[in-house]
Amino acid sequence: MHLPVAILALGLATFITSCTSAPSSTTPIQSSPHVIHEKRAADPLDWLISHKPSADKVLPLRIGLTQQNVDQLSDMLMAVSHPDSPNYGKHWTPQQVVDMFAPKKESADKVVGWLRDFGFEKERIRMSANKGWIEVRASLEEVEELLRTEYFVYKHVETGEEQISCETYSVPADVREHIDLIKPTVHFNHRPSPKSTTKFKRSGVNLGKPGVSTVGPKKSAGAQPVPPTLADCDKMITLDCLKALYDVPDFNPVSLDTNSYGIVEFTPQAFLAGDLDLFFSNFSPSLVGVRPKTVLIDGAVVQTTNQSFDFNGESDLDLEYGMALVNPQTVTLLQTGDLVEGAGFDNWLDAVDGSFCTFEGGDDPTQDGIYPDPLPGGFKGAESCGIIAPPFVVSTSYGQDESTITAFSAMRQCTEYGKLGLMGTTILYSSGDNGVAGNGGVCLNSQGQPVDNGTMFNPDFPATCPFVTAAGATQVNPGSTVFDPEGACEQVIFSGGGFSNIFAIPDYQQTAVSSFLTNHPPPYTSAQFNNSGTSRAFPDLAANGANYVIGIDGEFELVFGTSCSSPVVGSFITMVNDARLAAGKSPVGFINPAIYSDQFSDAFNDITIGTNQGCNTVGFTATEGWDPVTGVGTPNVSKLIPLFLSLP
Ligand SMILES: *[C@@H]1O[C@H](CO)[C@@H](O)[C@H](O)[C@H]1NC(C)=O
Ligand SMILES: *[C@@H]1O[C@H](CO)[C@@H](O)[C@H](O)[C@H]1NC(C)=O
Ligand SMILES: *[C@@H]1O[C@H](CO)[C@@H](O)[C@H](O)[C@H]1NC(C)=O
Ligand SMILES: *[C@@H]1O[C@H](CO)[C@@H](O)[C@H](O)[C@H]1NC(C)=O
């Protein structure tokens, strides 16, 4: 499963406002001409314009100031995470990060000057504590004139739910460079739906006693005897299968107190204690009764009222495998969002980095939960801003189509992942379950808009952010054993992969990607994907994503998805960190520059079988070297640990 964010972001609507391109004002307030700053990323498929909002409606207008030195972030990150760098592992303190990227005073002055010239009194203009945002509460009429835009109320065709939004907005040319983005404006609420919420019972396999062979030992191609616990790994994956596939050594952690591993879940997704114990009692008995260390973000609840695969599948999967693989290392559950509004990626980022928070909570009212929750019954407490230190590894098995977020919004969030890397955190995201297509199999038209008959590939975000590690999915091919090479996952789900339409290619993957495009040119044109070799390609690596046995709603079932791959890779990196911490070294932080480097190529099993179909094509093909299906391949943990340990 690769589940969506903000499943319950329903009510958000009433609060949100969207704007269309602007009738130019006749009042010559600004000497500098207005230029369009942002345009809506994708036209809403299910929302129709209903009416004009009233002119005196008050909007909490928030202006995100341009951060300094963002253009150098990539180089700074390479310096602490490339294996050849003398500064490898020398991560930054949170304060160093804040100081390096804080907006210039000049930017704040310029924006405040613009607002004052427009006529806002000084008292109405407020600056956030982190100096990143300026807020002014303004009437719709004022905002429309300020941004040369026009807002409409949109109604959802099925639910009747409403939100206000505009299509584009403009700012004076000489102010533009000082602004990242302004909210609420074009960031239309697309509320991503599940990528794949697949459960599956395979007939003929005894799921009641997983791990016990029902068909007797099998022989691999190499005639190696297959132990009974590994006989069915092509039909059901267990901890033993993963340990064999990825050569996972026995884990006897020695850095329990200093090491940390976080798993993000979005309410109402929640684990059930009984499901964890069902799984643990079969596969990891010492964990029976053990729970993750739960951190509740923005009024989150680990709800048990609603129980079904859709409510419990993701959390049960992530925690059962994550906790069992790193046992006895504690896993931190970052449970995010309240029951009413839900949450987006920016909400968990706020919780681990207070400097990321926007003014009085909430980040992008259309993508993220706004806290305190303005909706009836919502969480009224303060936004969770910097409530815990970032764990050394964070795995998130959720995503959204890149086409549903604006470039400015995606970049601001992506920059934050880069900052966390600078501070020593590994950020893992699942790469999506629809191959080259987007959520629900949707593809794009030539304008980059999601349409039912689209032919352009539709990549997944945050997987396309160059500062995260995107995990794709493999499978033990039917009839094969764990001793045979795996293929790309082609059961129930297809490994998300491809090329970003927003982000440029990072240095660390230049060689790998150009080698793929040159030596194995895909049979597609630039009308299907950005084949210039200049855009960020994903995934970065892969791990098994087919037939995971999980305890779910009181029984064992099989699940599929890059949702499986991400927490498994996260567990392996947590093992690496344990070894490094024990040796008095830092955690690994951002791993991409290392895993693409020559010296690490041995530590990955190259996947050369399978494709990631979508958009009425077979998708890309897994081949020698990096490919946009399985990245650099699956890890060999026995090799990965000493390699990372040998770095400074
Ligand atoms: C992992 O690497 C070790 C050490 O080189 C090797 O013996 C083993 O066969 C590899 N395991 C897998 C599953 O590829
Ligand atoms: C969850 O359970 C509550 C209480 O039974 C119910 O009102 C609500 O509709 C359920 N939510 C969903 C999304 O099924
Ligand atoms: C896709 O559907 C739209 C609306 O039905 C139609 O106008 C367009 O021609 C179709 N495009 C293709 C490539 O089939
Ligand atoms: C491909 O990506 C690069 C880098 O992001 C960008 O500069 C270029 O405009 C893109 N090409 C197309 C056709 O979108």
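Ligands are counted one by one from 1 in listed order, and the atoms in each one are counted from 1 as well.
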Q) Against heavy atoms of Phe311, which atoms of ligand 2 measure under 4.0 Å? A) 12 (C), 13 (C), 14 (O)
(Q) So if I apply the side chain to side chain contact (heavy atoms under 4.5 Å, CB included) rule between Glu402 and each of Cys465, Pro462, Ser500, which one comes out positive? (A) Ser500
Q: Assert yes or no for the condition that the ring centre distance of Phe457 to Tyr524 is strictly below 6.0 Å.
A: yes
(Q) With a heavy-atom distance limit of 4.0 Å, tell me whether Asn605 approaches ligand 1 through its side chain, its backbone, both, or neither. (A) side chain
Q: Kindly determine whether Asn605 and Thr634 satisfy side-chain hydrogen bond (donor to acceptor under 3.5 Å, both in side chains), including the steps that lead there.
A: CA-CA 5 Å; Asn605 311 303; Thr634 61; 3.0 Å; yes
Q) Can you tell me the protein heavy atom closest to atom 11 (N) of ligand 1 and the distance? A) Asp247 OD2, 2.7 Å
Q. Side-chain donor-acceptor pair under 3.5 Å between Ser532 and Asn530, yes or no?
A. yes
Q: Say whether Glu624 and Thr608, considering side chains only, have a donor N or O and an acceptor N or O under 3.5 Å apart.
A: no
**Q.** Contacts of Ala582 that satisfy side chain to side chain contact (heavy atoms under 4.5 Å, CB included) - sequence neighbours left out
**A.** Val254, Ser255
Q: For Ser532, take its heavy atoms, then give the atoms of ligand 4 lying under 4.0 Å from any of them.
A: 1 (C)
Q. For atom 7 (O) of ligand 1, is the nearest protein heavy atom closer than 4.0 Å?
A. no
Q. For ligand 4, is any non-hydrogen atom under 4.0 Å from Thr534's backbone (N, CA, C, O), its side chain (CB onward), both, or neither?
A. both
Q) In this structure, which one of Phe538, Trp626, Phe499 forms a ring pair (Phe, Tyr, Trp, His ring centres under 6.0 Å) with Phe620? A) Phe499
**Q.** For atom 5 (O) of ligand 1, closest protein heavy-atom neighbour
**A.** Lys639 CE, 2.7 Å
Q: Ignoring angles and geometry beyond distance, decide whether Thr305 reaches within less than 3.5 Å of ligand 2 through its nitrogen or oxygen atoms.
A: no
Q.
With a 4.0 Å cut-off on heavy atoms, is Leu245 in contact with ligand 1?
A. yes
Q: Number the atoms of ligand 4 from 1 as they appear, then name those within less than 4.0 Å of a heavy atom of Ser535, with their elements.
A: 2 (O)
Q | Any side-chain donor near an acceptor of the partner, Glu38 and Thr406, under 3.5 Å | A | yes
(Q) I'd like to check which ligand 1 atoms, numbered from 1 as shown, lie under 4.0 Å from a non-hydrogen atom of Asn636. (A) 1 (C), 2 (O), 3 (C), 8 (C), 10 (C), 11 (N), 12 (C), 14 (O)
Q. Which atoms from ligand 4 have a heavy atom of Ala504 less than 4.0 Å away?
A. 5 (O)
(Q) Protein heavy atoms near atom 2 (O) of ligand 4, is at least one of them under 4.0 angstrom away? (A) yes
Q: With heavy atoms of Asn530 as the reference, note each atom of ligand 4 found under 4.0 Å away.
A: 1 (C), 2 (O), 3 (C), 8 (C), 10 (C), 11 (N), 12 (C), 14 (O)
Q. Between Asp627 and Thr630, do the side chains contain an N or O donor and an N or O acceptor separated by less than 3.5 Å?
A. yes
